[in-house]
Amino acid sequence: MSNDAPGAPEPNSGEPNEAAQTRPPAPPAPPAAPTGQPQAGSPVPPPPAGGPSGAPAYGAPGTPPQPGYGAPQQGYGAAQPGYGAPAGAPYGYGAPVQSNITLNLWLSVFFSWIPALIFYLIEKDKVAPQYHRANAKNLNYQLIVTIAYAAVGVLSVITFGLASLLYLVLPIAQLIIGIMHAVNVPPQLAAGQEGKFYLAPDWVK
């Protein structure tokens with residue numbers, strides 16, 4: 001005679017019960033993320049400033065400018081020697097021509113205004129400004145000498161030849177002043193100074 005209560009369920013005989021058979025299977029676990037990759041749902045870190053290699057990127061704070069990107073290129077936009085001279089410059093483009101001021105002054109001692117005019121026209125807008133002004137002053141001095149000879153001639157006619165004595169003084173004064181110009185002016189110009197001329201008004205610029 002059994003001691004079990006009537007109506008009690010029989011013990012499990014090793015077969016799955018009905019609830020276990022109807023339970024849905026558990027979902028598979030998500031695969032593990034590779035090493036170094038962010039997990040799903042985690043914030044993505046910003047990329048490095050210099051890219052994968054770690055070098056500083058162009059334009060990053062504290063980095064020197066890269067040649068060819070925004071940096072001024074030599075030869076473009078820079079003033080070129082001999083080109084782009086300002087308007088109204090006293091001589092032409094490029095390096096000035098060497099002046100023959102010494103030859104001009106010595107020839108003017110003996111031939112008056114003729115060599116002074118020739119050198120002034122030939123070297124105009126070609127020599128350095130101080131040499132151009134020296135040629136102009138020499139021409140102005142020779143014009144004064146020419147006017148003085150003409151004035152003495154007119155006075156000689158008016159005074160019946162009394163003023164002709166000035167023809168003896170005028171050539172001597174012309175010779176002395178001309179030699180002073182030829183000796184003193186070229187060294188002054190070579191030293192970067194203005195040439196000192198006597199009896200030379202600013203008629204011809």
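Numbering of residues begins at 1 and proceeds along the displayed sequence.
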Who pairs with [X] by side chain to side chain contact (heavy atoms under 4.5 Å, CB included), at least two apart in sequence or on another chain?
X      : answer
Leu165 : none
Ile114 : Ile118
Ser99  : Ile101, Glu123, Val127, Tyr131, Asn135

For a quick test of your reading: what N or O donor-acceptor pairs under 3.5 Å do the side chains of residues 148-156 make, sequence neighbours left out?
| residue | atom | partner | partner atom | Å |
| --- | --- | --- | --- | --- |
| Tyr149 | OH | Gln174 | OE1 | 3.0 |
| Ser156 | OG | Val152 | O | 2.8 |
| Ser156 | OG | Ser164 | N | 3.2 |

Test of understanding: clusters of I, L, V, M, F, W, Y form through side-chain heavy atoms closer than 4.5 Å, transitively. Do [X] and [Y] belong to the same one?
X      : Y      : result
Tyr141 : Ile176 : yes
Leu103 : Val109 : yes
Tyr167 : Val169 : no
Leu105 : Ile122 : no
Ile177 : Ile172 : yes

Measuring only between side-chain heavy atoms, which start at C-beta, is [X] closer than 4.5 Å to [Y]?
X      : Y      : result
Asn138 : Tyr120 : no
Leu143 : Val204 : yes
Trp113 : Val145 : no
Asn140 : Ile144 : no
Phe119 : Leu107 : yes

If every non-hydrogen atom of [X] is compared with every non-hydrogen atom of [Y], which pair is closest and at what distance?
X      : Y      : answer
Leu189 : Ala134 : CD1-CB, 3.7 Å
Asn104 : Ala116 : OD1-CA, 3.5 Å
Pro186 : Ala182 : CD-O, 3.3 Å

Under the rule for side chain to side chain donor-acceptor pair (under 3.5 Å), what residues qualify as partners of Tyr198, not counting sequence neighbours?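 Applying side chain to side chain donor-acceptor pair (under 3.5 Å) to Tyr198 gives none.
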
Could you list the residues that satisfy side chain to side chain donor-acceptor pair (under 3.5 Å) with Glu194, not counting sequence neighbours?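 Side chain to side chain donor-acceptor pair (under 3.5 Å) list for Glu194, sorted by chain: Arg133.
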
Nearest 0.5 Å, please: how far is [atom2] in [Y] from [atom1] in [X]?
X      : Y      : atom1 : atom2 : value
Gln130 : Gln188 : CD    : CD    : 12.0 Å
Gln142 : Leu199 : CD    : CG    : 11.0 Å
Lys205 : His132 : NZ    : NE2   : 10.0 Å

Check the surroundings of atom CZ in Phe111: do more than 12 heavy atoms from other residues, nucleotides or ligands lie under 6.0 Å from it?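 No - once you tally the heavy atoms of other residues, nucleotides and ligands closer than 6.0 Å, there are 12 at most.
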
